Amino acid sequence: MTAQGASFLYLLAGVCFIMSLRSLSSPETARRGNIIGMIGMAIAIITTLTIVATDADKFSLTGILITALAGGLVGALLAIRIQMTALPQLVAAFHSLVGLAAVLVASAAFFNPVAYGISSATGDIGTISLLEMGIGVIVGAITFTGSVVAFTKLQGIAGSSPTIFVGQHKFNALMACVLIALLIWFCITQSPTAFISLILLSLLLGVLLIIPIGGADMPVVVSMLNSYSGWAACGIGFTLGNIGLVITGALVGASGAILSYIMCKGMNRSIINVLLGGFGSDTATGSGNTSDGEARPVKTGSADDAAFIMRNAERIIVVPGYGMAVAQAQHALREMADLLKKEGISVSYAIHPVAGRMPGHMNVLLAEANVPYDEVFELEEINNDFARADVAFLIGANDTTNPAAKTDPSSPIYGMPILEVGNAKTVMVIKRSLGGGYAGVENDIFFRDNTMMLFGDAKKMCEQIIRAL
């Protein structure tokens, strides 16, 4: 295959990726977007394999096919077996692999530049290529270790609380300055020592950038690492002269950056605030105790109580959260809503921008249960409607409804817009306990006079309400 032909096909794949992203912006066209994206990736892969096949002296087609099939098999098995609740962890793990791939490819290109066609026979690499390689390595290494830390936080291996030490921001800034100095040294001298130092320091910086970020900000971290992985791939695309990698990496990097901005706007924070860390710390025990240690009273109810109140309501707003995902209660929830709608009761769903563990987590779960798209509303579209709702039905939602975000300046979630569920006539909350959410903050909504707590597993409680209805 000629270089012009390969470039055209890579460009065609890039057009498919752009159309895919455009279609993914709406639930009605998301399935089509996925298909278009798969077609684009198939074009890119086939083009690459064709290039390999036509230059058998340089490449081992058999070796590439074996590794590609092995990777595809692992990906297929993960896609089939992974639970929706673990999707954020899976995304973080995949980001780490993209970062690691960027570091490995850049290392191979640096130590054997002739094979990659980026140097003369003497092994001298141009300054521009060295700069591209250095930036790719820095971003890739930061993405790798940062994603590993995010995975451990999401998986519960490491605590969701931020890890902070004295002078942390100054130390990170110093490391960034050292990285820039190393990059300049590397570009001037082409020194292997400088290259290895870049990798090691970037790996350390990736850890230090993510450990101070707490649970409340994890959705932003996921989208931010998504952006990092894209820019890492883009940098390596420049190093290898591969237009497909450049286009795909730029699309992923830009879309991830835009998504991070949207998430920060939804939390009423600047991206710099999140990157600096220190949010999401545990400032409350979530025990339901007052400051003097006495237990705060709560109103509890049964499935029969909930069914009676909802049957006599005119409008119900459902607020799903991560607890719904853990219990896999979305199908039972939709069945309950269908019964209520048959009685002429209006049912709608309120989605907070950072509900769950990653952007769009709740939307995907509701779509999996075939909840009609026109019943699902974002925070800004539905927040004023809670005052006219008879029931706000919280199923596993916590931080996104916590009034502390408006009233307590010392709270780690202070300043984040919340769903105003307390304005509804009755608030029903399905939770296993009175414990705080992922940010570790006690929710005052649980103790209000118009709140009824339904303690138990979300799926089982919905099934009991269905029987009662």
Side-chain angles (χ1 to χ4, degrees), residues 92 95-111 113 118-119 123-153 158 162-214 217 220-221 224-239 249 253 256-257 260 270-279:
H95 290 162
S96 73
L97 295 178
V98 175
L100 181 60
V103 173
L104 293 176
V105 171
S107 300
F110 175 71
F111 289 108
I118 59 175
S119 78
D124 292 329
I125 304 173
T127 303
I128 299 299
S129 294
L130 288 171
L131 180 62
E132 294 165 353
M133 197 181 297
I135 293 175
V137 158
I138 290 171
V139 179
I142 290 174
T143 303
F144 172 61
T145 51
S147 298
V148 170
V149 174
F151 172 84
T152 60
K153 284 176 173 279
T163 302
I164 302 171
F165 56 85
V166 177
Q168 187 171 43
H169 299 326
K170 292 180 180 179
F171 183 72
N172 288 350
L174 177 62
M175 288 187 65
C177 292
V178 174
L179 268 178
I180 294 172
L182 278 173
L183 180 60
I184 295 172
W185 177 31
F186 172 65
C187 292
I188 294 174
T189 65
Q190 195 177 321
S191 165
T193 302
F195 184 76
I196 294 172
S197 299
L198 274 177
I199 295 176
L200 295 177
L201 196 61
S202 298
L203 290 172
L204 177 60
L205 185 58
V207 174
L208 294 177
L209 283 176
I210 304 302
I211 58 171
I213 300 177
D217 293 318
V220 181
V221 172
M224 182 182 68
L225 290 170
N226 178 49
S227 180
Y228 285 0
S229 67
W231 296 124
C234 185
I236 297 306
F238 278 112
T239 300
S260 298
S270 70
I271 187 69
I272 300 301
N273 261 316
V274 176
L275 291 177
L276 287 176
F279 291 94

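Because the structure is a prediction, the values reported are computed rather than measured. All values below come from the heavy atoms of this structure, side chains included, with hydrogens, waters and symmetry mates left out.
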Q) Given the rule in the side-chain contact (heavy atoms from CB on, under 4.5 Å) test, do Ile210 and Met224 qualify, once you have shown the distances and angles that lead to the verdict? A) CA-CA 11 Å; Ile210 304 302; Met224 182 182 68; 4.0 Å; yes
Q: Kindly say whether Ile125 contributes a backbone atom to a donor-acceptor pair with the side chain of Gln190 at under 3.5 angstrom?
A: yes
Q | Minimum heavy-atom distance between Ala102 and Gly136, given as atom pair plus value | A | CB-O, 4.3 Å
Q: Drop me the distance from Glu132's CD to Thr127's OG1, to the nearest 0.5 angstrom.
A: 11.0 Å
Determine all donor-acceptor pairs shorter than 3.5 Å in which one atom belongs to a side chain in residues 179-189; sequence neighbours excluded.
| from | atom 1 | to | atom 2 | distance (Å) |
| --- | --- | --- | --- | --- |
| Trp185 | NE1 | Thr189 | OG1 | 3.3 |
| Thr189 | OG1 | Trp185 | O | 2.7 |
| Thr189 | OG1 | Ser191 | N | 3.3 |

Q. Has Leu200 got more than 12 heavy atoms of other residues, nucleotides or ligands less than 6.0 Å from its CG?
A. yes
Q. Does Phe111 have any ring pair (Phe, Tyr, Trp, His ring centres under 6.0 Å) partners at least two apart in sequence or in another chain, and if so, which?
A. Phe195
Q.
Give me the atom names and distance for the closest heavy-atom approach of Met175 to Leu201.
A. CE-CD1, 3.4 Å
Q: Drop me the distance from Ile138's CD1 to Leu198's CG, to the nearest 0.5 angstrom.
A: 5.0 Å
Q) Counting distance only, does the side-chain N/O of Ser229 pair as donor-acceptor with the main-chain N or O of His95 below 3.5 Å? A) no
Would you list the atom pairs, donor with acceptor, under 3.5 Å between side chains in residues 141-150 and any protein atom, with sequence neighbours excluded?
| from | atom 1 | to | atom 2 | distance (Å) |
| --- | --- | --- | --- | --- |
| Thr143 | OG1 | Val139 | O | 2.7 |
| Thr145 | OG1 | Ala141 | O | 3.2 |
| Thr145 | OG1 | Leu203 | O | 2.7 |
| Ser147 | OG | Thr143 | O | 2.6 |

**Q.** Nearest atoms (heavy-atom pairs only) where Ser227 meets Gly253
**A.** OG-O, 2.7 Å
